[in-house]
Amino acid sequence: FSFDIVASKFFCYNKSIQKSGVSPLIQGVVFDLDDTLYEQQAPFTAAITTLFPSFPQEKLKELFISFRYYSDLHYTKSITGEWSLAKMRYERIRLALADFDFLPAVSELNTFQTAYDHALQSITLPAEIVTSLKFLKRKGKLGIITNGPVNRQTDKINALGLTDWIEQENIIISDGVQIQKPDPAIFHLMENKLNLTADSLLYVGDSFDNDVQGAKAAGWSVWWFNHQKRARSTAQTAIYDEEITSFEDLGKALTNEKSLQR
């Protein structure tokens, strides 16, 4: 596979090498799934407003960010066997709601995952993502690296119709390979699948800890898709190549030749 001349110009990214007159090319773009290729807050909000209508609407975004924090924080426990997957799912919503002094009954908390799963059946790709995938498929290789259970993540991928643009063999689900982001090994596995080197790959993801740090540790270029506008902790260095804060801007960046120059 080779990029056309125009694409070759705008997929250059390494400034230091550009100065020397030699420009390696981004030949593949790999995405995170949840809250990157689709807006995960929408099904989450639908489940919360159905089960807990008294929860303040103006705090739903903050609640979702808290939910994602606890989900990322405790997911490894379900992998190591310290917690069951059901316990991790229960605790992440319980802890998120507790941050807002909202304390439902245990029976109500136990129904959240079912409501959330039901809402996830209706997820769709934002128009900007559809346009970007169509554009990128003509330019280079595409992939997905996502943490999560195989069946659950596969259901989301199928609901979104992502295999229309991304080949099934170029989709890596952590539980299927027993490697979790941010372990650089899962990114190196994708390099082998795409037959590309680290310096020719760009990763796009919303999690600073899992996506940005993981991909950077593997030697990739990284765009932090921070559309939830999460603040970095003081201990986190801005190691990403770009920070993008909306689906509209992400679509523009992925389809505008000049925006992908480094």
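Any value given below was found using the heavy atoms of this structure, including those in side chains, with hydrogens, waters and symmetry copies removed.
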Participant: If you draw a 6.0 Å radius around NZ in Lys61, do more than 12 non-hydrogen atoms from other residues or ligands fall strictly inside?
Facilitator: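 Yes, the 6.0 Å shell around NZ holds more than 12 heavy atoms from other groups.
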Participant: Please check this pair: side chain of His188 against backbone of Ala198, looking for a donor-acceptor N/O pair closer than 3.5 Å.
Facilitator: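 No.
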Participant: What closest approach, in Å, do Leu142 and Asn170 show between heavy atoms, and which atom pair accounts for it?
Facilitator: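 Shortest heavy-atom contact: O-CB, 3.5 Å.
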Participant: In the single-linkage hydrophobic clustering (I, L, V, M, F, W, Y; side-chain heavy atoms under 4.5 Å), do Ile48 and Ile65 co-cluster?
Facilitator: no
Participant: Could you tell me whether the side chain of Thr36 reaches within less than 4.5 Å of the side chain of Thr146, counting heavy atoms only?
Facilitator: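 No, their side chains stay 4.5 Å or more apart.
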Participant: Does Asn158, at its CG atom, have more than 12 non-hydrogen atoms belonging to other residues, nucleotides or ligands within less than 6.0 Å?
Facilitator: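 Yes, because the 6.0 Å sphere around CG of Asn158 holds more than 12 heavy atoms from other groups.
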Participant: Ion pair present between Arg68 and Asp206, side-chain N to carboxylate O less than 4.0 angstrom?
Facilitator: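 Yes, this pair counts.
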Participant: Taking the side chain as C-beta and beyond, is there a heavy-atom pair between His227 and Asp35 under 4.5 Å?
Facilitator: yes
Participant: Under 3.5 Å, is there a donor-acceptor pair linking the side chains of Lys216 and Gln213?
Facilitator: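 Note: Lys216 and Gln213 side chains miss the donor-acceptor criterion.
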Participant: Would you indicate whether the side-chain heavy atoms of Glu82 and Lys87 approach each other to under 4.5 Å?
Facilitator: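 No, too far: nothing below the 4.5 Å cut-off.
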Participant: Below 4.5 Å, heavy atoms only, C-beta onward: do Arg152 and Leu120 meet side chain to side chain?
Facilitator: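 Yes; the side chains approach each other to less than 4.5 Å.
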Participant: CG/Asn110 to OH/Tyr90 distance, rounded to the nearest 0.5 angstrom?
Facilitator: 6.0 Å
Participant: Using the rule that two of Ile, Leu, Val, Met, Phe, Trp, Tyr join whenever any of their side-chain heavy atoms come within less than 4.5 Å, decide whether Ile79 and Ile179 are in one cluster.
Facilitator: no
Participant: Do you know the tightest heavy-atom contact between Ala215 and Val222?
Facilitator: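 Smallest heavy-atom distance, with atoms named: CB-CG2, 3.4 Å.
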Participant: Do Phe100 and Ser66 come within less than 4.5 Å of each other through their side chains, counting heavy atoms only?
Facilitator: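 Yes, close enough: below the 4.5 Å cut-off.
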Participant: Is there a side chain to side chain contact (heavy atoms under 4.5 Å, CB included) between Thr49 and Leu60? Walk through the geometry before answering.
Facilitator: CA-CA 9 Å; Thr49 53; Leu60 281 169; 4.0 Å; yes
Participant: Roughly how far apart are Asp209 CG and Asp72 CG, rounded to 0.5 Å?
Facilitator: 7.5 Å
Participant: Membership question, hydrophobic clusters at under 4.5 Å side-chain separation (ILVMFWY): are Val106 and Leu95 in the same one?
Facilitator: no
Participant: For the side chain of Thr131 and the backbone of Ala127, is there at least one donor-acceptor N/O pair under 3.5 Å apart?
Facilitator: yes
Participant: Could you work out, with side-chain contact (heavy atoms from CB on, under 4.5 Å) as the rule, every residue matching Pro182, not counting sequence neighbours?
Facilitator: Asn210
Participant: What heavy-atom pair brings Ala119 and Ala46 nearest, and what distance separates the two atoms?
Facilitator: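 That closest heavy-atom pairing would be CB-CB, 4.2 Å.
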Participant: Would you compute the distance between atom CZ of Phe208 and atom CZ of Arg232 and round it to the nearest 0.5 angstrom?
Facilitator: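 Going from the CZ atom of Phe208 to the CZ atom of Arg232 covers 5.5 Å.
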Participant: Could you give the distance from CD1 (Ile129) to NZ (Lys134), rounded to the nearest 0.5 Å?
Facilitator: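 Here the rounded value is 13.0 Å.
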Participant: With distance as the sole criterion, is a donor-acceptor pair present between the side chains of Gln121 and Asp155 under 3.5 Å?
Facilitator: no
Participant: For the pair Lys181 and Asp32, evaluate side chain to side chain contact (heavy atoms under 4.5 Å, CB included) and give the outcome as yes or no after the intermediate values.
Facilitator: CA-CA 10 Å; Lys181 294 182 296 182; Asp32 173 45; 2.8 Å; yes
Participant: Report whether Leu63 and Phe52 are members of the same hydrophobic cluster (ILVMFWY, side-chain heavy atoms less than 4.5 Å apart, transitive linking).
Facilitator: yes
Participant: Roughly how far, to the nearest 0.5 Å, is the CD1 atom of Ile172 from the CG atom of Leu189?
Facilitator: 4.0 Å
Participant: Contact between Leu250 and Glu128 at the side-chain level, heavy atoms closer than 4.5 Å - yes or no?
Facilitator: no
Participant: For Phe102, look at atom CZ and say whether over 12 heavy atoms of other residues, nucleotides or ligands are found less than 6.0 Å away.
Facilitator: yes
Participant: In terms of the angle between their ring planes, are Trp220 and Phe187 parallel, tilted or perpendicular, with boundaries placed at 30° and 60°?
Facilitator: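 Plane angle over 60°, so perpendicular.
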Participant: Side chain to side chain contact (heavy atoms under 4.5 Å, CB included) for Tyr116 and Gln40? Distances and angles first, verdict last.
Facilitator: CA-CA 10 Å; Tyr116 185 39; Gln40 194 177 19; 2.8 Å; yes
Participant: Which value, rounded to the nearest 0.5 Å, describes the distance between Ile239 atom CD1 and Thr237 atom OG1?
Facilitator: 7.0 Å
Participant: Checking ring-ring contact (aromatic ring centres under 6.0 Å, His included) against Tyr240, which of Trp224, Tyr203, Trp223 comes through?
Facilitator: Trp224
Participant: If we ignore hydrogens and angles and just use 3.5 Å, is the side chain of Lys141 paired with the main-chain N or O of Lys193 as donor and acceptor?
Facilitator: no
Participant: Please find the pair of heavy atoms, one from Asn147 and one from Asp34, that lie closest to each other, and give the distance.
Facilitator: O-OD2, 4.4 Å
Participant: Is the backbone of Gly251 close enough, under 3.5 Å, to the side chain of Thr255 for a donor and an acceptor to pair up by distance?
Facilitator: yes
Participant: In terms of relative ring orientation, are Phe247 and Phe225 parallel, tilted or perpendicular, with 30° and 60° separating the classes?
Facilitator: perpendicular
Participant: Do side-chain atoms of Glu108 reach the backbone of Ala105 as a donor and acceptor pair under 3.5 angstrom?
Facilitator: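 Yes, Glu108 side chain to Ala105 backbone: donor-acceptor pair under 3.5 Å.
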Participant: What heavy-atom pair brings Leu133 and Phe31 nearest, and what distance separates the two atoms?
Facilitator: CD2-CE1, 3.9 Å
Participant: For a quick test of reading the model, state the closest non-hydrogen atom pair linking Val150 to Asp175 and the distance between them.
Facilitator: CG2-C, 4.0 Å
Participant: Please tell me whether Phe67 and Tyr75 are part of a single hydrophobic cluster in this structure, the criterion being side-chain heavy atoms less than 4.5 Å apart.
Facilitator: no
Participant: In this structure, are over 12 heavy atoms from other groups packed under 6.0 Å from Asn151 atom CG?
Facilitator: no
Participant: Using the side-chain hydrogen bond (donor to acceptor under 3.5 Å, both in side chains) criterion, which residues pair with Tyr70? Sequence neighbours excluded.
Facilitator: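 Only Asp99 meet the side-chain hydrogen bond (donor to acceptor under 3.5 Å, both in side chains) criterion with Tyr70.
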Participant: Residues two or more places apart in sequence or in another chain: which of them pass salt bridge (charged side-chain N to carboxylate O under 4.0 Å, His left out) with Glu167?
Facilitator: none
Participant: List the steps and the verdict of side chain to side chain contact (heavy atoms under 4.5 Å, CB included) for Arg89 and Leu85.
Facilitator: CA-CA 6 Å; Arg89 288 173 170 173; Leu85 182 59; 3.6 Å; yes
Participant: Testing the 3.5 Å rule here: is there a donor-acceptor pair between the side chains of Gln180 and Ser174?
Facilitator: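 A donor-acceptor contact under 3.5 Å links the two side chains.
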Participant: Under 3.5 Å, is there a donor-acceptor pair between the side chain of Lys156 and the main chain of Leu33?
Facilitator: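 Side chain of Lys156 to backbone of Leu33: no pair is present.
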